[in-house]
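Scope of the values below: all heavy atoms of this structure, side chains included, with no hydrogens, waters or symmetry mates. A, B, ... follow the sequence lines: proteins, then strands. Residue 1 opens every chain.
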Amino acid sequence: MIEIIKEKIWESLKALELQTPSKSKINVEYPKHKNHGDYSSNIALNLAKKIRQAPWTLAKNLAKHLSTDPLFSEVSAAKPGFINFHISNKVLYSILQDINKFGHEFGTNFAKGAGKRVLIEFVSANPTGPLNVVNARAAAFGDSLANILLAQGYHVEREYYINDAGHQIELLVESIENELNRLEEIEVEELEEGYKGEYITEIAARILEAEGTTIHQLSKKDMTQKISDLALDILINDQKDTLSLFGVCFDNWISENELRQKGSVEDVLAYLSETEKIYDKDGAVWLCSSEFGDVKDRVIMRSDGTVTYLVPDLAYHITKYKRGFDRIVDILGPDHHGHIPKLKAGIAILGYKPSLMQFILLQHVTILINDEKVKMSKREGKLITLRQLIDEVGTDAARFFFLMRKSNTPLDFDIELAKKRTAENPVYYVQYAHARIASIEKNARKEKLKISDFKPKYLHRLSHDEELNIIRTLMKYPELVTHISSSYDVNLLTTYLIDLAGEFHKYYQKYKIVNKRYKELSLARLFLCKAVQTVIKNGLTLLGISAPTKM
RNA sequence: GCGCCAGUAGCUCAGCAGGAUAGAGCAACAGCCUUCUAAGCUGUGGGUCAGAGGUUCGAAUCCUCUCUGGCGUACCA
């Protein structure tokens with residue numbers, strides 16, 4: 001609708017033989033106050049200076065010209081020079097018809113993405129333990145964003161990068177090996193840094209069960225390899241299972257280990273040395289990242305000859321470029337933001353366009369139980385895992401809660417609230433609106449009111465402010481989804497659904513929907529309810545949350 | 001020190017593609033179930049949008065500085 005109005009304004013300016021700005025400069029927005037109409041534009045204020053005309057006169061002229069358009073019931077000029085648009089009821093009614101006609105496709109806009117290829121990498125947790133709450137936030141966010149981009153016609157691939165190589169894996173294997181020995185009452189020494197927690201014991205026990213004591217007959221090297229293979233297999237599969245419980249499925253699982261075996265690390269080092277943007281210092285090899293926006297240069301090869309994390313990560317990102325994506329999105333945890341400038345610099349040095357990459361940083365998640373913050377420590381193995389979260393509050397509530405906040409603000413996750421089955425809990429509030437409508441429809445069937453008997457001419461029975469306002473809210477849905485596909489503010493959809501559900505609950509409370517004495521009115525209201533239900537369901541689906549018909 | 005993110009009602013936060021009187025939920029208080037699910041609804045109170053400048057016809061929104069908090073600033077990943 002916003003686009004249509006922009007178009008209309010542009011045509012009007014042309015018709016009035018005024019200087020026309022580019023359409024993208026025309027601003028149309030939702031006014032804060034209802035008596036300012038459904039949409040408003042400040043075009044007269046912005047253009048006044050250029051045209052040397054008072055904004056007020058310009059606004060009046062434009063309003064007069066636009067008010068003949070059947071799209072609007074009223075177009076008026078307001079105080080300093082705003083133009084306020086009131087959409088005609090007829091158009092509002094036609095939106096309801098659109099919603100019920102398009103059903104689950106209402107709110108899609110495939111033309112926007114037009115098949116452009118987008119890669120979204122998210123979660124990518126170390127396979128050194130179960131998924132934690134920040135991983136969970138990333139999973140909910142990345143998956144929902146992917147859904148939204150898909151609905152806008154982008155060709156999206158969800159990707160998980162498995163960091164199954166490097167120092168952390170060595171530590172993991174050492175920890176398990178130690179635990180294995182401990183289980184068999186072989187004397188062990190405490191590891192200084194190593195992984196703790198029940199899952200280490202569990203994995204050790206499972207390996208023991210699968211392999212028996214024969215594992216000790218292997219050479220040290222073979223045994224380490226065996227443990228590594230088995231442990232990673234267990235951990236990665238556990239992550240996959242948990243994610244799928246959470247409703248998240250990845251298209252690609254990329255293994256760092258495999259990339260390394262293909263020699264991509266050596267390749268990157270070779271490319272880098274050709275660029276002359278690396279140098280030796282203090283026995284290590286450094287990258288001139290500071291020339292490309294980083295705060296300082298970075299080591300890429302340590303004095304012991306091993307490469308730092310940056311190198312395989314560059315190798316990995318090059319594969320993203322080579323696969324020809326139009327947009328590369330990385331969703332990262334809060335502890336990774338220092339990594340972005342290095343990566344961008346490296347990419348630029350290697351001759352790729354850093355501007356194709358977009359980074360989304362998720363902030364911390366704090367778990368609250370009975371208003372108390374739960375302290376977590378990975379080293380001690382004390383953490384709340386995604387699996388526990390799913391068991392405690394369920395996938396629907398967890399996903400909704402993770403998506404209520406902007407990605408770049410910290411999130412407090414109140415477990416008690418997420419478990420509540422009352423209006424305080426926004427998930428239930430929204431889902432209940434959907435279920436309630438299903439229930440109303442059931443009641444209508446009992447009363448012999450069939451939605452198939454509905455006729456468009458009944459729509460004018462929807463005349464209350466509440467009814468028209470609900471349609472206005474429904475009308476915003478498609479442009480909201482489009483907006484989110486560029487801004488990545490997935491939280492706006494969550495908020496929108498809460499608002500829509502609220503409007504509906506209030507309406508329900510005030511007006512009787514099914515009343516067989518007033519057939520036309522009842523059918524019109526059922527038609528409205530159906531549309532509300534469709535939009536709630538479509539929205540929840542994008543968020544990866546179920547829309548139950550009974551609660 | 002430098003960098004990133006944030007600071008809006010008692011609490012948790014929306015709003016920040018500059019707009020016309022700053023919003024919701026919770027908490028507090030007062031109400032609504034012989035009526036399509038009370039997992040719901042109605043009403044009341046509550047604010048120097050951290051502070052100071054600047055840009056603008058117009059700033060919670062953009063810019064600069066200050067203060068406060070979180071994180072980063074590894075030859076960790």
Check against ring-ring contact (aromatic ring centres under 6.0 Å, His included), A:Phe82 and A:His36: CA-CA 9 Å; A:Phe82 292 102; A:His36 293 147; 7.6 Å; no
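The CG-C1' distance, from A:Leu480 to B:rA17, rounds to 14 Å in whole Å. Atom CG in A:Asp330 sits about 15 Å away from atom C1' in B:rA77, given to the nearest Å. Per the geometry, CG belonging to A:Leu497 stands 16 Å off P belonging to B:rA14, to the nearest Å. Regarding A:Asp335, its CG atom lies at a distance of 15 Å from the P atom of B:rA74, rounded to whole Å. Following rounding to the nearest Å, A:Asp164 (CG) and B:rA77 (C1') show an atom-to-atom distance of 13 Å. The distance between atom NZ of A:Lys510 and atom C1' of B:rC36, rounded to the nearest whole Å, is 18 Å. Going from atom CG of A:Asn132 over to atom P of B:rA77 covers 19 Å, rounded to whole Å. The interatomic distance linking A:Lys296 (NZ) with B:rG1 (P) rounds to 17 Å, in whole Å.
Here, B:rC5 and B:rA50 have their C1' atoms 16 Å apart, quoted to the whole Å. Annotation: B:rG3 and B:rA74 have their C1' atoms spaced 16 Å apart (nearest Å). Comparing the P positions of B:rG19 and B:rU61 gives a spacing of 10 Å, expressed to the nearest Å. Of the P atoms belonging to B:rA28 and B:rU21, the separation is 34 Å, rounded to the nearest Å. The P atoms of B:rC16 and B:rC62 are separated by 10 Å, rounded to the nearest whole Å. Here the separation of B:rA22 from B:rC63, taken at their C1' atoms, is 22 Å to the nearest Å. Between the P atoms of B:rU64 and B:rC2, the separation comes to 15 Å (whole Å). Spacing between B:rA9 and B:rU48 at atom P, rounded to whole Å, works out to 8 Å.
Applying the 6.0 Å contact sphere to CD of A:Glu74 captures more than 12 heavy atoms from other residues, nucleotides or ligands. Remark: A:Tyr511 OH is packed, more than 12 non-hydrogen atoms of other residues, nucleotides or ligands lying under 6.0 Å away. Within a 6.0 Å radius of NZ in A:Lys344, other residues, nucleotides and ligands contribute 12 heavy atoms or fewer.
Residue order along RNA chain B, read from the 5' end via each residue's closest nucleotide, puts A:Asn443 first among A:Leu310 and A:Asn443. In terms of position along RNA chain B, the nucleotide closest to A:Tyr30 lies nearer the 5' end than the nucleotide closest to the other residue of the pair A:Tyr30 and A:Val307.
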Output one line per pair: protein atom, nucleotide atom from nucleotides 3-13 of chain B, and distance, for all N/O pairs under 3.5 Å.
residue	atom	partner	partner atom	Å
B:rG3	N2	A:His337	NE2	2.7
B:rC5	O3'	A:Asn408	ND2	3.4
B:rC5	O2'	A:Asn408	O	2.7
B:rA6	OP1	A:Asn408	ND2	3.2
B:rU12	O2'	A:Arg405	NH2	3.0
B:rC13	O2'	A:Arg405	NH1	3.0

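Residue A:Asp282 places its side chain closer to B:rC75 than to any other of B:rC75, B:rG70, B:rA77. Side-chain proximity of A:Ala284 to B:rC75, B:rC41, B:rA74: nearest is B:rC75. With distances taken from any side-chain atom of A:Tyr309 to the nucleotides B:rC36, B:rA74, B:rA77, the minimum falls on B:rA77. Among B:rG15, B:rC41, B:rA38, the nucleotide with an atom closest to any side-chain atom of A:Tyr432 is B:rA38. With B:rA74, B:rU37, B:rC75 as the choices, the nucleotide that has an atom nearest any side-chain atom of A:Met551 turns out to be B:rU37.
Heavy atoms of A:Tyr511 sit under 4.0 angstrom from at least one base atom. Across all strands, A:Lys550 comes closer than 4.0 Å to base atoms (heavy-atom distances). A:Asn491 comes within 4.0 angstrom of the backbone, heavy atoms only, and of no base. Across all strands, A:Ala435 comes closer than 4.0 Å to base atoms (heavy-atom distances). At the heavy-atom level, A:Lys342 lies under 4.0 Å from base atoms of the strands shown. Contacts of A:Tyr508 with the nucleic acid, taken as non-hydrogen atoms under 4.0 Å apart, include base atoms. Contact annotation for A:Ser303: base contact, defined as any heavy-atom pair under 4.0 Å involving a base atom.
If you look at A:Phe402 and A:Phe141, their ring centroids are not closer than 6.0 Å. Between A:Tyr39 and A:Tyr30, a ring centre-to-centre spacing shorter than 6.0 Å is recorded. Between A:Tyr429 and A:His505, the ring centre distance stays below 6.0 Å.
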Nucleotide pairing, RNA chain B (Watson-Crick or G-U, distances under 3.5 Å), in dot-bracket with [ ] and |: (((((((..((((.....[...)))).(((((.......))))).....(((((..]....))))))))))))....
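We find that A:Arg445 and A:Glu441 are not joined by a salt bridge, their nearest charged nitrogen and carboxylate oxygen being 4.0 Å or further apart. Salt bridge annotation for A:Lys506-A:Glu503: absent, with no cationic side-chain nitrogen under 4.0 angstrom from a carboxylate oxygen. Salt bridge A:Lys320/A:Asp330: present, at least one basic N to carboxylate O contact under 4.0 Å.
In this structure a side-chain-to-backbone donor-acceptor pair under 3.5 Å is present from A:Asp304 to A:Thr306. Within the 3.5 Å criterion, the main-chain N or O of A:Ala435 finds no donor-acceptor partner in the side chain of A:Thr549.
Applying the 90° cutoff around 0 to the glycosidic angle, B:rC32 is assigned anti.
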Sequence-aligned protein contact record of nucleotides 19-35 of chain B, with B where the base is within under 4.0 Å of a protein heavy atom and S where only the sugar-phosphate is: BBB-S--S--------S
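Aromatic ring pairs are classed by plane angle as parallel below 30°, tilted from 30° to 60° and perpendicular above 60°; the pair A:Phe504 and A:Tyr508 is tilted.
The side-chain contact (heavy atoms from CB on, under 4.5 Å) with A:Ile83 is formed by just one residue from the set A:Ile9, A:Val75, A:Val28; it is A:Val75.
For the residue pair A:Gln431 and A:Asp396, a side-chain donor N or O sits within less than 3.5 Å of a side-chain acceptor on the partner.
The side chain of A:Arg436 contributes an N or O atom lying less than 4.0 Å from OP1 or OP2 of B:rA38.
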